[in-house]
*Asks:* 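Mind having a look at this structure? Questions to follow.
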There are 2 protein chains.
Amino acid sequence: MPLRFEIVAEDQATGARAGLLHTPHGTIETPVFMPVGTAGTVKGMTQAQLEELGVQILLANTYHLYLRPGHEIIHELGGLHRFMGWPHPILTDSGGFQVMSLKGLGRVTEDGVWFKSHLDGSSHFLSPERAVEVQCALGADIIMTLDECVEYPASREALHRAVKLTERWARRAKEKLAAVGGAGGWGPGTREEPSALSSQLSASEAQLGGQSPITNHQSQIPSPQPPAPSPSLFGIVQGGVDKDLRRESVEGLLELDFEGYAVGGLSVGEPKAEMYDVTEYTARFLPRDRPRYLMGVGTPEDLVECVARGIDMFDCVMPTRNARNGCVFTSQGKVVIKNARYARDDSPLDPACECPVCRRYSRSYIRHLFAAGEMLGAMLATWHNLRFYLDRMRKIRQSLVLGAFAEFHSRARAEL
Amino acid sequence: MPLRFEIVAEDQATGARAGLLHTPHGTIETPVFMPVGTAGTVKGMTQAQLEELGVQILLANTYHLYLRPGHEIIHELGGLHRFMGWPHPILTDSGGFQVMSLKGLGRVTEDGVWFKSHLDGSSHFLSPERAVEVQCALGADIIMTLDECVEYPASREALHRAVKLTERWARRAKEKLAAVGGAGGWGPGTREEPSALSSQLSASEAQLGGQSPITNHQSQIPSPQPPAPSPSLFGIVQGGVDKDLRRESVEGLLELDFEGYAVGGLSVGEPKAEMYDVTEYTARFLPRDRPRYLMGVGTPEDLVECVARGIDMFDCVMPTRNARNGCVFTSQGKVVIKNARYARDDSPLDPACECPVCRRYSRSYIRHLFAAGEMLGAMLATWHNLRFYLDRMRKIRQSLVLGAFAEFHSRARAEL
């Protein structure tokens with residue numbers, strides 16, 4: 001099995017759980033926060049620094065890597081792990097969310113999504129099958145089905161349409177993965193050899209009429225290492241803040257038996273209470289023995305609140321994007337480090353933090369770096385913010401393992 | 001003595017030497033390359049990464065730090081070492097070169113230099129005394145006298161005027177440093193206590209009519225640590241490519257007895273052969289027992305050629321600036337990593353290099369980072385280029401210590 005999920009502790013009151021997610025590139029302790037490496041890099045961090053922080057799994061972006069440098073190049077060079085120099089787990093999202101968020105540049109059909117590149121305006125088509133192919137070429141450990149993510153607010157009709165389309169696309173993605181050698185279900189599936197995957201990809205390139213510049217190279221340049229084992233596919237639950245639709249979406253996906261389930265379409269503008277409520281309601285219908293991934297969420301508070309609602313995996317650009325804008329997370333709340341008030345502040349970003357940034361640098365120095373437009377400002381703020389998120393998650397997990405989650409949860413709430 | 005220079009090996013044929021330069025913040029093995037940290041940061045590198053590279057001394061820029069964040073703030077926060085989180089040696093240049101290079105924004109008088117800030121156009125005056133004060137406030141281990149650097153080509157008259165002005169300024173700088181507690185000469189000088197330095201600085205602020213925003217704060221916020229011992233002052237030889245003037249400049253400075261001597265006004269456009277020739281000629285008249293610093297030079301070839309001409313210390317923006325532009329130094333010559341030809345190149349930047357960048361990342365990945373405008377591209381290229389320079393310098397030193405410099409030198413020439 002490419003993926004195996006083990007629950008090591010569970011909070012009886014809430015259903016929060018701590019687990020181990022075994023992947024071909026290593027075991028992940030859940031609940032886990034996955035830093036976002038959109039274009040195959042977590043902006044401003046070296047891979048060694050991510051390892052030093054204890055990052056267990058990165059998220060990379062299918063849409064961005066498909067456009068640049070191109071998944072064929074990455075495949076040819078041995079896959080994304082090797083390309084990035086990151087020998088640890090990677091999850092790629094399907095690209096659907098990015099296509100949706102490119103307002104006016106995308107068009108959804110039954111077959112898939114037409115979109116124009118934000119880089120050069122060129123036209124591209126992403127079908128559920130194609131999204132699987134691209135993600136297989138990248139070689140991530142965990143891949144996502146193409147889904148339709150609907151903005152908030154949306155009509156029930158639009159949400160229902162998206163739920164059914166996402167379900168049909170999920171089926172097509174599953175069938176495609178099985179055809180190219182993916183897992184048939186949770187149990188061990190029949191797999192073709194990597195070479196078969198490779199030739200399938202070439203064939204599918206040809207079928208799609210792709211004048212891929214790589215085709216000529218594939219026979220000349222040997223792949224530096226065999227492709228990774230075929231990835232594990234997660235289905236994505238949609239339905240906005242409509243509980244009936246969420247339940248319908250879950251039921252449709254369960255029939256397809258995915259290796260994990262994601263809750264998508266949240267954190268798109270709905271009130272926080274509704275996000276929590278829908279997350280809790282949705283997680284209730286997801287199988288206990290599969291990892292649950294809440295996409296694109298969220299704040300440090302969201303982490304503990306959504307673990308309490310049964311979530312195991314999170315990703316969010318907030319710690320990294322905020323850092324580049326000079327906003328850092330601390331035990332005393334957010335600090336906008338660019339502010340003039342920190343010009344003479346000799347204290348660390350967070351006096352309660354023991355990260356390498358807080359041990360070495362002062363607010364005054366980091367404020368200076370931002371004022372002077374120096375790269376190191378964004379680098380240090382990113383490091384600290386990721387540490388803050390990872391540390392928060394480690395404490396959550398620790399409390400679960402020690403059977404003290406209820407206490408941790410109520411203390412976290414009191415601090416708000 | 002704040003500074004002590006020890007020669008540990010000397011090449012009889014060329015006069016090239018390996019030494020140890022003992023400073024209040026540690027001992028530097030010479031010949032040494034000093035990475036440039038203009039605004040108190042080597043762009044794209046953390047201080048821990050610089051330590052990992054084996055950087056022994058950084059150069060910071062008086063002009064930039066005076067303007068932003070202001071030397072008073074840095075002094076108040078305990079000096080530049082503490083501000084930057086860099087507990088190792090620092091050299092600050094006087095700011096003269098930057099003022100000269102701000103064409104049209106600077107005006108030289110007998111008293112000093114008037115210039116307009118490149119940041120906000122505000123007017124500032126930098127005298128030889130003020131340059132010493134600012135550098136004392138920063139607390140560098142080695143500071144430079146204010147000099148007049150003349151562009152190439154220049155008339156003999158202009159060069160001669162600059163030589164004499166630089167000499168008068170050097171005398172004033174020396175007297176100012178002695179007054180605020182600096183070293184009187186190479187031997188142990190009389191020194192006032194750090195607190196006296198501090199009050200002198202406040203007094204001089206008042207004399208200059210400076211409505212320094214820090215004045216009110218100084219009594220409120222205690223300095224986190226006592227200021228560093230007073231710095232060692234280097235005089236700067238000028239004279240362009242005119243050997244008589246270079247000799248005249250050296251003789252004027254020798255009378256003032258500096259702790260080290262810099263060769264300035266080179267690498268400003270003159271032919272390479274003239275630069276080497278003038279460096280060799282100038283170094284011949286400098287005292288054997290003082291460190292010699294060639295300012296703003298140069299290429300990897302220049303390092304070995306100018307060590308062969310008796311130079312001990314170098315700084316240059318080339319490895320760092322080129323890196324940010326995607327140009328990396330390798331054992332096989334320069335590589336412009338942005339080029340499309342590297343898109344599928346799975347080899348490291350330099351196959352002969354063992355730096356963390358070359359051990360982990362491929363040309364294709366780094367090329368992708370530059371193409372995508374990702375910070376990590378500049379970060380990795382900077383790391384590699386600095387490693388290339390430091391490694392080159394370590395090999396030069398090693399050959400001197402082993403008595404094999406002539407061999408190293410001729411091999412280096414053959415590789416060109």
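Here is the naming used below: chain letters follow the sequence lines, and residue numbers restart at 1 for every chain.
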*Asks:* Should the ring pair B/His124 and B/Tyr66 be called parallel, tilted or perpendicular, given that the plane angle runs from 0 to 90° and is split at 30 and 60?
*Replies:*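 Ring orientation, 0 to 90° scale: perpendicular.
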*Asks:* Could you have a look at B/Ala48, B/Gly70, B/Ala372, B/Ala378 and say which one has the most heavy-atom pairs with chain A under 4.5 angstrom?
*Replies:*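 Most pairs with chain A among the choices: B/Ala372.
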*Asks:* Using a cut-off of under 4.5 Å for heavy-atom pairs, which of B/Gln47, B/His64, B/Glu374 has the most such pairs with chain A?
*Replies:*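 Most heavy-atom pairs within the cutoff with chain A belong to B/Gln47.
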*Asks:* Below 4.5 Å from any heavy atom of chain A, which atoms of B/Met84 appear? Answer side chain, backbone, both or neither.
*Replies:*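 Looking at B/Met84, backbone and side chain both touch chain A.
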*Asks:* Heavy atoms only: give me the nearest B/Pro348-B/Arg363 pair and the separation to one decimal.
*Replies:*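 Where B/Pro348 meets B/Arg363 most closely, the heavy atoms are O-NE, 3.0 Å.
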*Asks:* Among side-chain atoms of B/Asp141 and B/His81, is any donor-acceptor pair under 3.5 angstrom?
*Replies:*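 On atom types as modelled, these side chains qualify, holding a pair under 3.5 Å.
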*Asks:* If I measure from the heavy atoms of chain A, does B/Leu80 come under 4.5 Å with its side chain, its backbone, both, or neither?
*Replies:*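 Neither part.
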*Asks:* Start with the C-alpha gap between A/Tyr63 and A/Phe115, add the side-chain angles, then the distance that decides, and say whether ring pair (Phe, Tyr, Trp, His ring centres under 6.0 Å) holds.
*Replies:* CA-CA 10 Å; A/Tyr63 165 82; A/Phe115 66 96; 5.3 Å; yes
*Asks:* How long is the straight-line distance from CG of B/Leu65 back to OG1 of B/Thr92, given to the nearest 0.5 Å?
*Replies:*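 CG of B/Leu65 is found 8.5 Å from OG1 of B/Thr92.
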*Asks:* Do other residues, nucleotides or ligands put more than 12 heavy atoms under 6.0 Å from B/Phe97 CZ?
*Replies:*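 It does not: B/Phe97 CZ has 12 such atoms or fewer within range.
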*Asks:* Which region of B/Gln49, side chain (C-beta onward) or backbone (N, CA, C, O), has a non-hydrogen atom less than 4.5 Å from a non-hydrogen atom of chain A, or is it both or neither?
*Replies:*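 Just its side chain gets close to chain A.
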*Asks:* Side chains of B/Thr382 and B/Asn385: is there a donor and an acceptor less than 3.5 Å apart?
*Replies:*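 No pair is found: no donor N or O on one side chain lies under 3.5 Å from an acceptor on the other.
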*Asks:* Anything in residues 322-329 of chain B with a heavy-atom distance to chain A below 4.5 Å? Please list those residues in order.
*Replies:*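 Answer by number: B/Arg324.
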*Asks:* Using side-chain heavy atoms (C-beta onward) and a distance below 4.5 Å, is B/Asp93 in contact with B/Gln98?
*Replies:*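 Yes, their side chains come closer than 4.5 Å.
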*Asks:* Output the option from B/Ser362, B/Pro69, B/Gly40 having the highest count of non-hydrogen pairs under 4.5 Å with chain A.
*Replies:*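 Of B/Ser362, B/Pro69, B/Gly40, B/Pro69 has the most heavy-atom pairs under 4.5 Å with chain A.
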*Asks:* Are any non-hydrogen side-chain atoms of B/Lys43 and B/Thr320 less than 4.5 angstrom apart?
*Replies:*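 In short, these two side chains do not touch, never coming nearer than 4.5 Å.
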*Asks:* Does any backbone or side-chain atom of B/Tyr361 lie under 4.5 Å from a heavy atom of chain A? Answer side chain, backbone, both or neither.
*Replies:*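 For B/Tyr361, the side chain is the part near chain A, not the backbone.
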*Asks:* If I measure from the heavy atoms of chain A, does B/Ile366 come under 4.5 Å with its side chain, its backbone, both, or neither?
*Replies:*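 For B/Ile366, there is no contact with chain A at all, as no heavy atom is under 4.5 Å.
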*Asks:* Heavy atoms only, distances under 4.5 angstrom: which of B/Ala343, B/Pro87, B/Pro356, B/Ser364 has the most pairs with chain A? Name it, please.
*Replies:*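 Winner by heavy-atom pair count: B/Ser364.
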*Asks:* Decide yes or no on side chain to side chain donor-acceptor pair (under 3.5 Å) for A/Glu51 and A/His88, but give the supporting numbers first.
*Replies:* CA-CA 9 Å; A/Glu51 286 169 346; A/His88 316 293; 2.7 Å; yes
